[in-house]
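Throughout, numbering of the chain's residues begins at 1 and tracks the sequence. Keep in mind the model is a prediction, meaning the values are calculated, not measured.
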Amino acid sequence: MNQDYIQPNAWSILEEGFNAERVKSSESLFSIGNGAMGQRANFEEKYTGPTFQGSYIAGVYYPDKTRVGWWKNGYPEYFAKVLNAPNWIGINVKINNEDLDLHTCKSVSKFKRELNMKEGWLARSFEAELQNGIKIKVDAKRFLSLELDEVGVISYNITLLNSDATITYTPYLDASITNEDTNWDDQFWDVLKVTQNNQQSFIEAKTMKTNFHTCTFMQSRLFINQEEVLIDCDNSQTEKEAFCNYTQEVKENQTFTIHKFGGYVVDRNHDKDALVSAAKKALDKAVSFGFEALLETQKNSWAKIWHTSDITIEGDVKAQQGIRFNIFQLNQTYLGTDASLNIGPKGFTGEKYGGSTYWDTEAYCIPFYMATKDQSVARTLLEYRYNHLEKAIENAEKLGFTNGAALYPMVTMNGEECHNEWEITFEEIHRNGAIAFAIYNYFRYTNDYSYIPEKGLEVLIGIARFWHQRVNFSMDKKKFVMLGVTGPNEYENNINNNWYTNYIAKWCIEYALENIETVKIDHISDYIRIKEKTNFTDEELTSWRNVAENMYFPYSEKHQVYLQQDGFLDKELITVEDLDKSQRPINQKWSWDRILRSPYIKQADTLQGFYMFEDHFSKEELERHFDFYEPFTVHESSLSPCVHSIQAAKLDRMDQAYTFYLRTSRLDLDDYNHEVEEGLHITSMAGTWMSIVEGFAGMRIVDNTLSFAPKIPKQWQSFSFKVNFRNQVIEVNVKQGETYFEVEGNSDVNILVNGEITKVSPNNLQTA
């Protein structure tokens with residue numbers, strides 16, 4: 001049974017009623033971020049019930065020593081942990097010397113929490129009766145500023161409902177935090193100094209091993225009925241904490257308010273010896289703005305983001321809420337302003353998985369950022385991998401590869417592999433293909449070829465060299481084979497000839513060869529530079545071509561489908577429909593041995609290849625493969641429903657496409673995988689956007705032209721979105737029976753609609 005307590009709303013995530021059993025789930029769902037930092041939706045005041053405290057700083061990590069039962073040569077030495085950072089949001093509250101704690105209150109009523117996605121803020125309100133009989137009303141609102149991305153702001157308001165009382169606010173900083181996710185319970189932070197100066201407090205700390213220096217800071221302002229009051233601050237501190245006590249006599253029906261300004265400065269952006277000075281500047285600027293002015297700035301910043309990234313759906317509020325939630329969380333996680341950052345699988349909402357970058361970025365996220373922002377953001381994501389090319393070559397060398405072969409990591413923070421499961425680290429090598437495909441996808445969409453001669457070709461050469469060395473020639477099959485791999489379906493480990501891996505390896509080699517020739521003809525100076533740097537030879541290229549032309553692909557004549565891997569038909573082929581529902585999800589009910597012997601597929605595998613290389617196959621071939629593999633797919637990966645939704649729409653199976661869309665868009669809101677309290681599935685959220693834009697709207701690039709084949713679920717009256725295509729913003733509005741196009745700017749755009757050329761002119765609605 002999925003959870004169902006989030007109230008349907010087009011622009012907000014709403015929770016009504018306090019339930020201690022869903023506190024941790026809501027802490028994930030109501031998380032906030034601004035690209036530079038983020039936090040779970042923990043209560044500001046003390047809460048002694050079960051909670052998962054989490055605040056995170058982008059790019060700051062700890063290399064937790066790998067923990068495995070049996071060490072194998074080539075294992076990464078560490079598993080990078082997203083670090084729980086010092087907590088700046090805390091505000092302890094005492095009323096007549098009793099702690100405000102929703103876990104111990106006599107009663108809690110009118111509890112409401114709202115994550116306003118349109119304007120970018122989190123609010124919470126409730127009424128409570130304490131054990132001492134005092135009744136209060138609390139209204140709290142906070143956000144992480146997009147404009148001042150080192151700063152977050154809280155407005156916390158208490159109204160006395162039944163008597164006068166003494167209220168003490170104690171805003172604090174706490175660096176005695178620990179990670180939920182740790183291998184050895186190491187100490188991740190070394191607190192260097194705690195300082196306080198009247199209203200301002202600072203904690204300087206550095207990470208162990210990686211030596212990231214940070215300064216966590218805070219300052220507060222106090223108000224009675226919106227009139228500022230000056231209250232002496234009673235400062236105190238420990239080795240890892242800083243407290244400021246503000247005590248005020250408050251009358252019945254008066255509202256006592258604290259505005260707390262806090263956040264982080266990091267030596268990634270400042271000199272490590274000047275962090276307190278940088279923190280003071282951030283505080284001075286934020287406090288001079290004040291809460292309300294910063295909130296207005298926040299609204300304007302989000303309005304600019306939504307202008308190109310919003311998708312509207314008429315007639316289905318749950319679907320509308322789902323897509324906006326996904327778009328909102330993607331933009332909270334990554335905005336493209338820092339080339340050293342990437343999109344982590346949990347973003348700023350939890351610690352599971354570790355690392356900041358998976359193949360999800362290239363396979364799922366780049367299309368979203370490419371179409372909803374300036375193309376420079378997508379190019380920045382490509383450059384992130386180019387900047388890690390030397391590390392990818394080192395990763396391959398550790399496994400015995402030579403001559404500049406590059407194996408990009410499955411999980412990374414700085415380019416090094418830091419995943420500690422052997423079947424992933426050593427075998428899920430298809431991630432290399434996603435890196436290369438993203439380069440192709442970027443050029444296909446933007447028509448910006450400059451990246452390839454400047455940087456991309458070196459990446460393609462390293463990847464081609466890896467595939468060339470990873471195969472071996474089978475004398476039995478008279479073909480090149482790929483042994484001991486794991487495909488996208490992680491419920492199959494150490495198998496031979498995964499079709500998707502073999503196919504993308506062949507394609508990578510061919511694409512590298514194609515671009516070597518293009519650069520040689522059209523960018524001769526780059527060609528000379530790259531050839532000197534990489535030392536490739538004509539003989540080497542001939543050997544690559546031989547591998548690509550003679551790659552083995554398992555195939556079933558009986559079923560007329562490519563087989564996911566050798567031996568797939570040896571399994572007991574019982575479909576998911578015939579699997580006892582009590583056995584689901586199998587990853588929580590079955591032993592790993594049983595899963596590996598089953599035919600069940602975690603996510604699109606062979607179908608992933610048909611998604612990425614759709615134009616290589618006919619619609620009839622797609623239909624055969626979809627009908628064969630989808631019945632065995634348990635969709636226990638967050639990346640699974642979106643690909644199947646896109647392909648179901650391609651096959652005109654709109655009911656099925658819609659079902660998959662709902663699952664991907666509300667995966668976390670409805671907690672399909674029963675794990676949302678650990679954090680959200682950020683990277684798969686880009687797949688939700690793809691489900692609408694590539695699935696229902698059928699957006700593709702055909703013959704170098706933007707193309708649409710619009711369809712609409714029967715549950716919807718209409719849906720609309722914008723894409724930034726080659727620096728022109730095109731709006732698409734799909735209704736039942738007709739589609740409208742409009743272009744912003746000054747130039748006409750030719751697009752294909754159901755195979756027919758349509759010219760769209762600025763400020764002129766075009767019907768198709």
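- Here the two rings, on F328 and W302, have centers that are under 6.0 Å apart.
- Residues S201 and A242 come closest through the heavy atom pair CB-CB, 4.0 Å.
- Pairs passing the ring pair (Phe, Tyr, Trp, His ring centres under 6.0 Å) check and including a residue from residues 268-294, sequence neighbours excluded, read F143-F291, H259-F291.
- Taking the side chain to side chain contact (heavy atoms under 4.5 Å, CB included) definition, one finds that T683 meets it with I343, P345, D360, C365, sequence neighbours left out.
- Scanning all heavy atoms of the two residues, the minimum distance from T207 to L83 falls at CG2-CD1, 3.4 Å.
- Classification of E678 and K346 as a salt-bridged pair fails, no side-chain N sitting under 4.0 Å from a carboxylate O.
- Using a 3.5 Å distance cut-off with no hydrogens or angles, the side chains of Q329 and H681 do not pair a donor with an acceptor.
- A salt bridge links E127 to K110: one of the charged nitrogens lies within less than 4.0 Å of a carboxylate oxygen.
- Taking CD of E744 as the reference point, atom CG of N724 lies at 9.0 Å (rounded to 0.5 Å).
- Between the N132 side chain and the I95 main chain, a donor and an acceptor come within less than 3.5 Å of each other.
- Side chains of Y5 and S25 form a contact here, defined as non-hydrogen atoms less than 4.5 Å apart.
- Partners of Y246 under the ring-ring contact (aromatic ring centres under 6.0 Å, His included) rule, at least two apart in sequence or in another chain, do not exist in this structure.
- Checking side-chain atoms of N326 against main-chain N and O of S665 turns up a donor-acceptor pair under 3.5 Å.
- Contact of the M117 side chain with the W306 side chain is registered, since non-hydrogen atoms from C-beta on lie closer than 4.5 Å.
- Heavy atoms from other residues, nucleotides or ligands lying under 6.0 Å from NZ of K299 number more than 12.
- When side chains are defined from C-beta on, L222 counts as touching F256, because their heavy atoms get closer than 4.5 Å.
- In this structure, F212 has its ring center closer than 6.0 angstrom to the ring center of Y61.
- Remark: side-chain polar atoms of N179 are paired, donor with acceptor, to backbone N or O of N84 under 3.5 angstrom.
- Of the possible polar contacts, none joining the Q39 side chain to the I32 backbone as a donor-acceptor pair under 3.5 Å is found.
- Contacts of A10 classified as side chain to side chain contact (heavy atoms under 4.5 Å, CB included), with partners at least two apart in sequence or in another chain: Q320, R324.
- Of the N and O atoms on the side chains of S155 and N157, at least one donor lies less than 3.5 Å from an acceptor on the other residue.
- Other residues, nucleotides and ligands contribute only 12 or fewer heavy atoms inside 6.0 Å of the NZ atom of K285.
- Atom-to-atom distance recorded for L275:CG and C215:SG is 6.0 Å, nearest 0.5 angstrom.
- Between R379 and D374 there is no salt bridge, since no side-chain N of the basic residue sits under 4.0 Å from a carboxylate O of the acidic one.
- For the pair Q196 and C244, the tightest heavy-atom approach, listed with the atom from each and the gap, is NE2-SG, 3.7 Å.
- Considering only heavy atoms from C-beta on, L130 comes within 4.5 Å of L100 through its side chain.
- Remark: the backbone N or O of Y264 is not paired with any side-chain donor or acceptor of T216 at under 3.5 angstrom.
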Start with the C-alpha distance between Y384 and T357, add both sets of side-chain angles, then the distance that settles side chain to side chain donor-acceptor pair (under 3.5 Å), and finish with yes or no.
CA-CA 10 Å; Y384 178 91; T357 314; 2.9 Å; yes
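- Formation of a donor-acceptor pair under 3.5 Å by the D181 side chain with backbone atoms of K352 is not found in this model.
- F188 has its ring centre less than 6.0 Å from the ring centre of Y62.
- N87 has its side chain out of reach of L173: every pair of non-hydrogen atoms, C-beta onward, lies at least 4.5 Å apart.
- Rounded to the nearest 0.5 Å, atoms CG (L680) and CG (L330) are 10.5 Å apart.
- R666 and D668 are not joined by a salt bridge, as no carboxylate oxygen comes within less than 4.0 angstrom of a charged side-chain nitrogen.
- Looking at D101 and K46, no side-chain N of the basic residue comes within less than 4.0 Å of a carboxylate O on the acidic one, giving no salt bridge.
- The structure places CG of L667 at 9.0 Å from CG of D670, a figure rounded to the nearest 0.5 Å.
- Side-chain atoms of E249 and T166 form a donor-acceptor pair, as typed in the model, at a separation below 3.5 Å.
- In this structure, the side chain of Q298 engages the main chain of L146 through a donor-acceptor pair within 3.5 Å.
- With respect to Y661, the ring pair (Phe, Tyr, Trp, His ring centres under 6.0 Å) criterion is satisfied by exactly one of W689, F719, W716: W716.
- With hydrogens and angles left out, the side-chain atoms of Q199 and R221 include no donor and acceptor closer than 3.5 Å.
- Two residues are said to be in side-chain contact when any heavy atoms from C-beta on lie closer than 4.5 Å; L160 and I134 meet this criterion.
- Between F18 and F43, the two ring planes are tilted [angle within 30° to 60°].
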Could you give me the CA-CA distance, side-chain angles and deciding distance for T688 and T664, then say whether side chain to side chain donor-acceptor pair (under 3.5 Å) is met?
CA-CA 6 Å; T688 303; T664 186; 3.1 Å; yes
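- Between R113 and L122, some side-chain heavy-atom pair lies under the 4.5 Å cut-off.
- Classification of K722 and D310 as a salt-bridged pair fails, no side-chain N sitting under 4.0 Å from a carboxylate O.
- A donor-acceptor contact shorter than 3.5 Å links the side chain of S31 to the backbone of S28.
- Every pair passing salt bridge (Lys or Arg N to Asp or Glu O under 4.0 Å) that includes a residue from residues 262-273 is listed here, sequence neighbours excluded: R268-D338.
- At least one side-chain heavy atom of L102 sits under 4.5 Å from a side-chain heavy atom of F111.
- Between the side chains of T308 and T372, no donor N or O sits under 3.5 Å from an acceptor N or O.
- Checking Y56 against E351 by side-chain atom types alone, a donor-acceptor pair falls below 3.5 Å.
- With no hydrogens or angles considered, no side-chain donor-acceptor pair links T297 and E147 at under 3.5 Å.
- N245 places a side-chain N or O within donor-acceptor distance of the main-chain N or O of D234, the cut-off being under 3.5 Å.
- To the nearest 0.5 angstrom, I89 atom CD1 is 11.0 Å from D174 atom CG.
- For the salt bridge (charged side-chain N to carboxylate O under 4.0 Å, His left out) with R124, the qualifying choice from E15, E45, E16, E114 is E45, the only one to do so.
- The distance from atom CG of D149 to atom CG of L144, rounded to the nearest 0.5 Å, is 10.0 Å.
- Formation of a donor-acceptor pair under 3.5 Å by the E129 side chain with backbone atoms of I136 is not found in this model.
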Given Y334 and T380, is the side-chain contact (heavy atoms from CB on, under 4.5 Å) satisfied, shown in steps?
CA-CA 11 Å; Y334 182 80; T380 296; 3.7 Å; yes
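- Under the 6.0 Å distance and 45° angle rule, K260 counts as a cation-pi partner of Y172.
- With sequence neighbours excluded, the residues forming a side-chain hydrogen bond (donor to acceptor under 3.5 Å, both in side chains) with E27 are R40, N42, T51, listed by chain and number.
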